[in-house]
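Heavy atoms only: backbone and side chains are in, while hydrogens, waters and symmetry mates are out.
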Amino acid sequence: LPSFISPNFDEVSPAVLSLCGDSFPCLFDAVTTNSLTFANETLMVASIVEEIRNDSVEVISCGFPNDAENGLLNGYDFFAGSTVSITCNPGYYTFGPVRLYCSEDGIWSGTFKCIMLEPSLGFVPVPIIFTLVVVCLLGIVGGILLKYFLKKNSSNKRIVYIVPPSRRIIPLYP
């Protein structure tokens with residue numbers, strides 16, 4: 001059975017020290033298994049791992065974007081610089097961005113949302129209809145107020161125009 005107690009490295013043979021140097025995994029395996037061949041394999045694997053670590057590049061990912069509830073996510077690249085989009089299911093429309101961009105700091109540019117349309121209004125979103133109704137009502141109320149104030153201020157006052165030669169009309173109120 002293997003011993004999981006840390007070996008005493010002070011009692012290592014010169015052959016092990018010559019092979020392993022200051023590599024702890026190599027020293028551990030040489031002392032634990034009493035095999036220079038096994039320790040040599042450990043040393044080679046450790047150097048391959050170190051080489052891979054040195055040649056590696058940092059990969060930035062934004063992770064999976066928010067769940068595209070009531071829609072379909074288009075795109076499966078979630079790394080920095082990539083773009084994904086959403087297609088909403090029938091009867092739903094996109095609220096917010098249709099495309100998301102994964103920034104260099106690993107954050108998506110927004111979130112997806114598919115919202116159900118009001119069934120009685122067809123394909124026109126409720127906020128748009130509400131805005132149109134409010135604008136129309138403001139126009140009607142404004143027109144009524146303008147007519148009221150014009151009628152109130154037109155008390156048969158006479159407006160006199162003095163027109164200098166080659167000039168525009170200047171209204172004067174007596």
S.K.: If you look at every heavy atom in Leu19 and Ala39, which pair is closest and at what distance?
M.R.: CD2-CB, 4.0 Å
S.K.: Mind checking whether Phe24 and Val49 sit in one hydrophobic cluster, side chains of I, L, V, M, F, W, Y counted as touching below 4.5 Å?
M.R.: no
S.K.: Minimum heavy-atom separation for Glu104 to Ile60, with atom names?
M.R.: O-CD1, 3.1 Å
S.K.: Ignoring hydrogens and angles, tell me if any N or O in the side chain of Thr33 forms a donor-acceptor pair with the backbone of Asp29 under 3.5 Å.
M.R.: yes
S.K.: Any chance you could pull the hydrophobic cluster mates of Ile107, using side-chain heavy atoms under 4.5 angstrom and chaining through other members?
M.R.: none
S.K.: Strictly distance-based, threshold 3.5 Å: is any side-chain N or O of Ser23 a donor or acceptor partner for the main-chain N or O of Cys20?
M.R.: no
S.K.: For Thr87, check side chain to side chain donor-acceptor pair (under 3.5 Å) against everything at least two apart and list the hits.
M.R.: Asn74
S.K.: Which heavy-atom pair separates Glu69 from Cys114 by the least distance, and what is that distance?
M.R.: O-CB, 3.6 Å
S.K.: Using the rule side-chain contact (heavy atoms from CB on, under 4.5 Å), only one of Asp22, Thr32, Leu43, Leu17 pairs with Leu27; which is it?
M.R.: Leu17
S.K.: Are the side chains of Tyr93 and Cys88 in touch, meaning some heavy atoms are under 4.5 Å apart?
M.R.: no
S.K.: How does the hydrophobic cluster around Val84 look, that is, which other residues are in it when side-chain heavy atoms under 4.5 Å mark a link?
M.R.: Phe64, Leu73, Phe78, Ile86, Leu100, Trp108, Phe112
S.K.: For the atom pair CG (Asn70) and OG1 (Thr94), what is the distance rounded to the nearest 0.5 Å?
M.R.: 11.0 Å
S.K.: Write out all pairs satisfying salt bridge (Lys or Arg N to Asp or Glu O under 4.0 Å) with one or both partners inside residues 35-52, taking only residues at least two apart or from two chains.
M.R.: Glu50-Arg53
S.K.: Kindly write out the residues that satisfy side chain to side chain donor-acceptor pair (under 3.5 Å) with Ser103, not counting sequence neighbours, or none if the list is empty.
M.R.: Asp105
S.K.: Quick one: does Ser109's side chain have a donor or acceptor within less than 3.5 Å of a partner on Tyr101's backbone?
M.R.: yes
S.K.: Shortest non-hydrogen contact from Gly63 to Ser61?
M.R.: N-OG, 3.0 Å
S.K.: Please write out which residues are connected to Ile48 in a hydrophobic cluster, directly or through intermediates, given that two of Ile, Leu, Val, Met, Phe, Trp, Tyr count as joined at side-chain heavy-atom separations below 4.5 angstrom.
M.R.: Ile52
